Amino acid sequence: MIPSNDEAVLVARARQGDRAAFSELVCRHYQGVIQVVYRMCGSTQLAEDAAQETFIQAWLKLGSYQPRSALRNWLYRIAVNTALDVLRREVRMVPDDVEDLELSDGQAGPEDTALQEEHTAIVQRAILSLPAASRAVLVLREYQELSYQEIANTLEIPLGTVMSRLSYARGLLKEALAAYRQVLLAEDKYV
Amino acid sequence: MSEHVIDWLNAYLDGELGGSRLHQVEKHLESCPQCQAELESLRGLSALLHSEPLPDAFPTASRFAAQVALRLPTRAVPAVPSKNRPSVAAVVWWLAPLGLLAAWAFVQTVFLLSNWIATAGDLGLLGGAAAWLNANGSPSPLPITLLEQVGILQGELASVWNGVEGLLAWGGLGQWLWQLPIALLFLGWLAGWVAWRNRQSKDRSFPVQS
């Protein structure tokens, strides 16, 4: 077990080839990376592959990481690029079958399960329909709650571009989910 | 009625506004149903996106880390932090004003030395050693004198140069003409630097929450 909680120390050790230190870093940032790649890919299998590839790339490129930026953001940049690479390698980019998506609540009954799966599929399909550049900004903002400046630094784009892509992404999602939101309103699930 | 703030609602929702812009948006929202509706629509969208949790199919962090560890390739040497090296163009760009300054200093030195030697010759301080500098009866820049001495500047070329020299000697015009292109190049570099800085600051000019 690594006694030090200092991330900088872990990075320094990992740079020297300490795999235990790198595994600790993986554990710390796993949730964030898996969230990013899942929202970018829309498939659990693709997301898991992309997440593993992300950390492998991070291991190989640890020498290029500049400590002045957060490790988390540096990993997210690799994650976004890796997710897009994984998607390009896949013929089926959007999950066609709702059975591909796992349940989020194992205690739900069959009807609730199917409904949840449908909801998940609709939302994820809408996110996947976004252009890759806009999708990346939306995912980092909505799911990782990065600030606009952090997103700009992570993706190495100007601040104004972050704003315009986010606005564009949200506009497209509103249109794509307009009918679905009406259904949710009728079901009293939409705020 | 104040202008709609729809363009700022995304930033307002994300807590990225501050100062006067935040106040402007909040004040406008108090009395604009259209912008209020748009804001609620954005809030609803965000809530909808967050209502879909991650699937449970993913492995635990420790199990995932173990899977990654099995796939990590052997790294032959430690990953030493690479230093960000500036490009050749960047180095040339930042050395340009130094080069121009050096060129200006060189030209100034040449003219200064020429004037000193000519003055010393006029005062007779150099004796016969500098007689060759005043061979044509008027002081010339050292490089021109050297060209005359080695025989390059002769005949019609020398006559043309004498005419030009007379013109350049008027009011020290020659010295200014040497400095003018150097000054223009430096001003051009300065204008480029200011434009680059303005573009950098424009990309970052966005009201952030203080």
Side-chain angles (χ1 to χ4, degrees), chain A residues 14-17 19 22-24 26-28 30-31 34-35 38 44-45 47-48 51-52 55-56 59-67 101-106 116 119-120 123-124 127 138 141-143 147-149 152 158-161 163 166-167 170 173-174 177 180-181 184 189-191, chain B residues 6-17 38-84 199-209:
Chain A
R15 276 187 172 143
Q16 294 300 316
R19 292 175 178 238
F22 187 74
S23 290
E24 177 68 21
V26 171
C27 288
R28 291 187 180 193
Y30 165 66
Q31 281 297 327
I34 206 72
Q35 175 84 272
Y38 175 70
T44 53
Q45 187 56 52
E48 196 171 334
Q52 287 195 11
F55 284 107
I56 291 171
W59 168 256
L60 293 172
K61 296 178 182 176
L62 208 51
S64 67
Y65 165 63
Q66 299 295 327
L101 300 169
E102 298 294 335
L103 298 175
S104 60
D105 182 4
Q116 179 66 44
H119 287 177
T120 301
V123 171
Q124 196 55 46
I127 295 174
L138 179 89
R141 175 56 221 158
E142 288 287 353
Y143 295 103
S147 69
Y148 286 11
Q149 188 61 58
L159 201 57
T161 304
M163 285 182 64
L166 187 60
S167 176
R170 282 173 170 163
L173 282 179
K174 280 199 296 179
L177 296 171
Y180 179 54
R181 282 153 59 192
L184 289 179
K189 287 185 180 180
Y190 182 65
V191 177
Chain B
I6 289 180
D7 289 342
W8 294 102
L9 289 181
N10 280 287
Y12 176 72
L13 177 69
D14 295 328
E16 293 278 344
L17 295 185
E38 178 65 21
L39 181 63
E40 287 308 308
S41 177
L42 287 174
R43 285 200 174 113
L45 175 64
S46 187
L48 181 61
L49 294 176
H50 286 271
S51 69
E52 308 303 327
L54 274 180
D56 291 336
F58 292 114
T60 61
S62 55
R63 183 175 176 186
F64 177 82
Q67 291 171 349
V68 170
L70 288 174
R71 292 186 58 189
L72 286 182
T74 303
R75 216 165 48 195
V77 294
V80 178
S82 60
K83 296 179 183 177
N84 283 332
R199 193 172 66 179
Q200 291 283 321
S201 60
K202 191 180 291 185
D203 283 343
R204 284 172 170 76
S205 62
F206 181 63
V208 292
Q209 193 170 12

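Since we're looking at a predicted model, the values are computed, not measured. Residue numbers begin at 1 in each chain, while the letters A, B, ... track the order of the sequences.
- Atom CZ of Arg63(B) has 12 or fewer heavy atoms from other residues, nucleotides or ligands within 6.0 Å.
- Side-chain contact check for Tyr148(A) versus Asn10(B): some heavy-atom pair is nearer than 4.5 Å.
- Both the backbone and the side chain of Ala51(A) come within less than 4.5 Å of a heavy atom of chain B.
- Of the N and O atoms on the side chains of Glu142(A) and Ser46(B), at least one donor lies less than 3.5 Å from an acceptor on the other residue.
- Between Gln52(A) and Phe64(B), some side-chain heavy-atom pair lies under the 4.5 Å cut-off.
- The structure places CG of Leu9(B) at 10.5 Å from CZ of Arg170(A), a figure rounded to the nearest 0.5 Å.
- When each of Ala69(B), Pro59(B), Ser62(B) is scored by its heavy-atom pairs under 4.5 Å with chain A, the top score falls to Pro59(B).
- Here the straight-line distance linking atom CG of Leu173(A) with atom CG of Leu49(B) works out to 6.0 Å at 0.5 Å rounding.
- We find the CD-CE distance between Glu16(B) and Met163(A) to be 9.0 Å, quoted to the nearest 0.5 Å.
- Within the model, atoms OH of Tyr143(A) and NE2 of His50(B) stand 6.5 Å from one another, a figure rounded to the nearest 0.5 Å.
- Considering CG of Asp14(B) and OG of Ser147(A), their distance stands at 10.0 Å, rounded to 0.5 Å.
- Taking the side chain as every heavy atom from C-beta outward, Leu60(A) and Pro73(B) approach each other to under 4.5 Å.
- Contacts with chain B were tallied for Val26(A), Thr161(A), Leu166(A), Ile127(A); Val26(A) has the most, counting heavy-atom pairs under 4.5 Å.
- Remark: aromatic rings of Tyr30(A) and Phe58(B) are distant, center separation not under 6.0 Å.
- Remark: Lys174(A) engages Glu38(B) in a salt bridge, criterion side-chain N to carboxylate O under 4.0 Å.
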